[in-house]
Amino acid sequence: MQTTKTSDDQIALNEERIIQPFSRRRFLGYVGATSALLATAASCKKDPIVNNTGVDLGSGDVGILNYAYALEQLEAAFYTQVVLTPYSGISALETEYMTDIRNHEVAHREFFKAAITAAAPSSIIPGLEVNFSSIDFTSRTSVLATAKAFEDLGVTAYNGAGQLISTTGNGPTYLTLAGKIVSVEARHAALIADLIAPGTFAATVDANALDSARTPAQVLAIAGTYIKTQINASNLPS
Amino acid sequence: MNLQNIISEIEKVDPEVYDRLDTRRKAMKKFANLSGKVALASLPIAFGSMLNTAYGKTSSVTDLVTDTLNFALTLEYLEAAFYNKIAGSAGYLTASAADQTALTKIKNDENAHVAFLKGALGAAAVASPTFDLTGGKGSGTGPFAGYLASYAVQLAMAQTFEDTGVRAYKGQAPNLQSSRPYLTAALEIHSVEARHASHIRQMRRALDAAIPAGQKPLKPWITLNYSGIDYPPAQANINLSFAGEEVTTQATVNIIGIGGNSFITDKAASESFDEPLTKAQVLTIVDPFIV
């Protein structure tokens, strides 16, 4: 994929590939790999714009690790600020929880930094500049609403990224690592939801009681509000 | 995803698609049943199994994937059976209204997971085992005998089941990589189990019963290998669900104090990552509950 392509071109290209009629034989060949067909079909709807400029997350598994690193940077920066300047009226229990979550998110961020540096030192993304101007850190409502948004976003991001991780080499190990983190994010998400409205720990699940998943493009479109640094996710696996 | 469009597209390249589907009446019936009660999210799976049946043996649902989903289904049967059983019991009725509402929500979620996995597996779904929730393998007099009368024991069991479920799904994720839709669905269940665990742990902290003094405060996340449960009759078995959670090294990276952050203690490092369990470890844990 060329980084010089505009996002519209890229979307058009993807759609062309999907819509292009395929031969019967090729189709019958495909059915043996139903999941691939379905994954393609499921991706038919247009994704939000993927920026082709800015910090390049890269491709392959390292790209996914950088993607996770970017999200953890955002979360860690947020909770670091929450702990530094607690919202007014914060309870002792809430202080304990915010501090714990800050610790976890910083651990996640630093883990990815160390792991990517070890695996692909030339591919690691730099520290991102955040933009928290829309958050009122003195307000419990604002802080908890943002925390909920970040945690739910993190859960859907990891849930969506699992299938983008390779099946060979270090892929399964990376998948397990992502799994180790996403359930902690889900524990956070449930707690924060409960702090906002007791009993809403799993209110976001669908009729099958499943959480949801988001593509990197969907996630970054949402996270972009809080990240000043332009991120290029166009080379990530899809 | 527009299912009708996909079938139309298939028809263009395989005019006999409807015949194939119709002559496999079972497949069609299964799909029709499914679409009535299963939301759109699971349709890729349902559609996938329909196609696999219609086109015969070239199934993308490998034996490994089927086995893994059946393993997950078995755990969901256990969880659903547990929550169904405690609902309205003497111990349960001592819980606050808010706690009962939460347990109802979790019960509904687990039953939905059962229905979802059964739908996804279709004819390949295993039947529910018979459960002995006293942990007595059918004797009815296992170490949890009396759980129906004790809300504290019920919550301790609930936490153990949820935390075990999280670890079990995590351990199986690599086995589902060959099927992207199934992997994603499993991850989407995995995070819901973690949400349940988080809430049950909050409920246990508030109730403040059967928590070892040295393991307080009980957190929504798992600290070291603490079960947070003091229940001597089944302590060894309970501890199995938390063994291995104490690790503080991930992919050879030491997490304690990482990046010069001294606040990341061994406890924080262990809490930051949940650990997987192998299928064998999980089966050992649930074995006493299966007749």
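Naming convention: chains lettered A, B, ... in sequence-line order (proteins, then strands); numbering from 1 in each chain. Everything quoted here is computed from the prediction, not taken from an experiment.
Per-residue counts of heavy-atom pairs under 4.5 Å with chain B were compared for A:I181, A:T204, A:V106, A:V182; the largest is that of A:V106. Each of B:N111, B:V192, B:L183, B:I189 has some count of heavy-atom pairs under 4.5 Å with chain A, and the biggest count is that of B:V192. Per-residue heavy-atom pair counts under 4.5 Å with chain B were compared for A:E110, A:K113, A:H188, and the maximum is reached by A:E110. Note: A:D100 leads A:V155, A:I101, A:N170, A:D100 in heavy-atom pairs under 4.5 Å with chain B. Comparing A:S166, A:A178, A:A190 by heavy-atom pairs within less than 4.5 Å of chain B, the highest count is held by A:A190. Most heavy-atom pairs under 4.5 Å with chain A: of the set B:N175, B:T184, B:L187, this distinction falls to B:L187. Of the listed residues A:A213, A:G160, A:G199, the one with more heavy-atom pairs under 4.5 angstrom with chain B than any other is A:A213. For chain B, the option among A:T99, A:N103, A:D211 with the highest count of heavy-atom pairs below 4.5 Å is A:D211.
Of all non-hydrogen atoms in B:K170 and A:S183, the two that sit nearest each other are NZ-OG, 2.7 Å. Taking both residues in full, the closest heavy atoms of B:Q100 and B:A95 are given as NE2-O, 3.1 Å, listed atom of the first, atom of the second, then distance. Between B:T278 and B:Q281 the shortest heavy-atom distance is N-OE1, 2.7 Å.
In this structure, the side chains of A:R109 and A:E75 stay at 4.5 Å or more apart for every pair of heavy atoms. Side chains of B:E110 and B:V114 form no contact here, defined as non-hydrogen atoms less than 4.5 Å apart. Side-chain contact between A:E72 and A:E185 is present, with at least one heavy-atom pair separated by less than 4.5 Å. Proximity of B:I106 to A:F201: side-chain heavy atoms (C-beta onward) are separated by under 4.5 Å at one or more points. Proximity of A:E105 to A:E151: side-chain heavy atoms (C-beta onward) are separated by under 4.5 Å at one or more points.
A donor-acceptor contact closer than 3.5 angstrom is absent between the side chains of B:Q172 and B:K279. When only modelled atom types and interatomic distance are considered, B:E162 and B:H199 share no side-chain donor-acceptor pair under 3.5 Å.
Contact annotation for B:A98: neither backbone nor side-chain heavy atoms come within less than 4.5 Å of a heavy atom of chain A. Heavy-atom distances place both the backbone and the side chain of A:L191 under 4.5 Å from chain B. For B:T101, no part sits under 4.5 Å from any heavy atom of chain A, backbone or side chain. If you measure heavy-atom distances from A:T200 to chain B, you find no contacts under 4.5 Å at all. For A:I192, no part lies near chain B; criterion is any non-hydrogen pair under 4.5 Å. Using a 4.5 Å cut-off between heavy atoms, A:V205 contacts chain B through its side chain alone, with no backbone atom that close. With a 4.5 Å cut-off on non-hydrogen atoms, B:H190 touches chain A through its side chain but not through its backbone. In this structure, the portion of B:I255 lying under 4.5 Å from any heavy atom of chain A is its side chain and not its backbone. For B:R201, the part lying under 4.5 angstrom from a heavy atom of chain A is the side chain only. Contact annotation for B:V166: only side-chain heavy atoms (C-beta onward) come within less than 4.5 Å of a heavy atom of chain A.
By the 4.0 Å N-to-carboxylate-O rule, B:R167 lies close enough to B:E245 to be salt-bridged with it. The pair B:R195-B:D109 does not count as a salt bridge, with every side-chain nitrogen at least 4.0 angstrom from each carboxylate oxygen. One finds no salt bridge joining A:R214 and A:D152 here, because no Lys/Arg side-chain nitrogen approaches an Asp/Glu carboxylate oxygen to under 4.0 Å. Between A:E96 and B:K219, at least one side-chain nitrogen of the basic residue sits less than 4.0 Å from a carboxylate oxygen of the acidic one, meeting the salt-bridge criterion.
Taking 4.5 Å as the heavy-atom cut-off, the residues of residues 261-271 of chain B that approach chain A are B:N261, B:F263, B:I264, B:A268, B:E271, ordered by number.
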side-chain contact (heavy atoms from CB on, under 4.5 Å) evaluation trace for A:L74 with A:L128: CA-CA 8 Å; A:L74 176 63; A:L128 303 176; over 6 Å; no

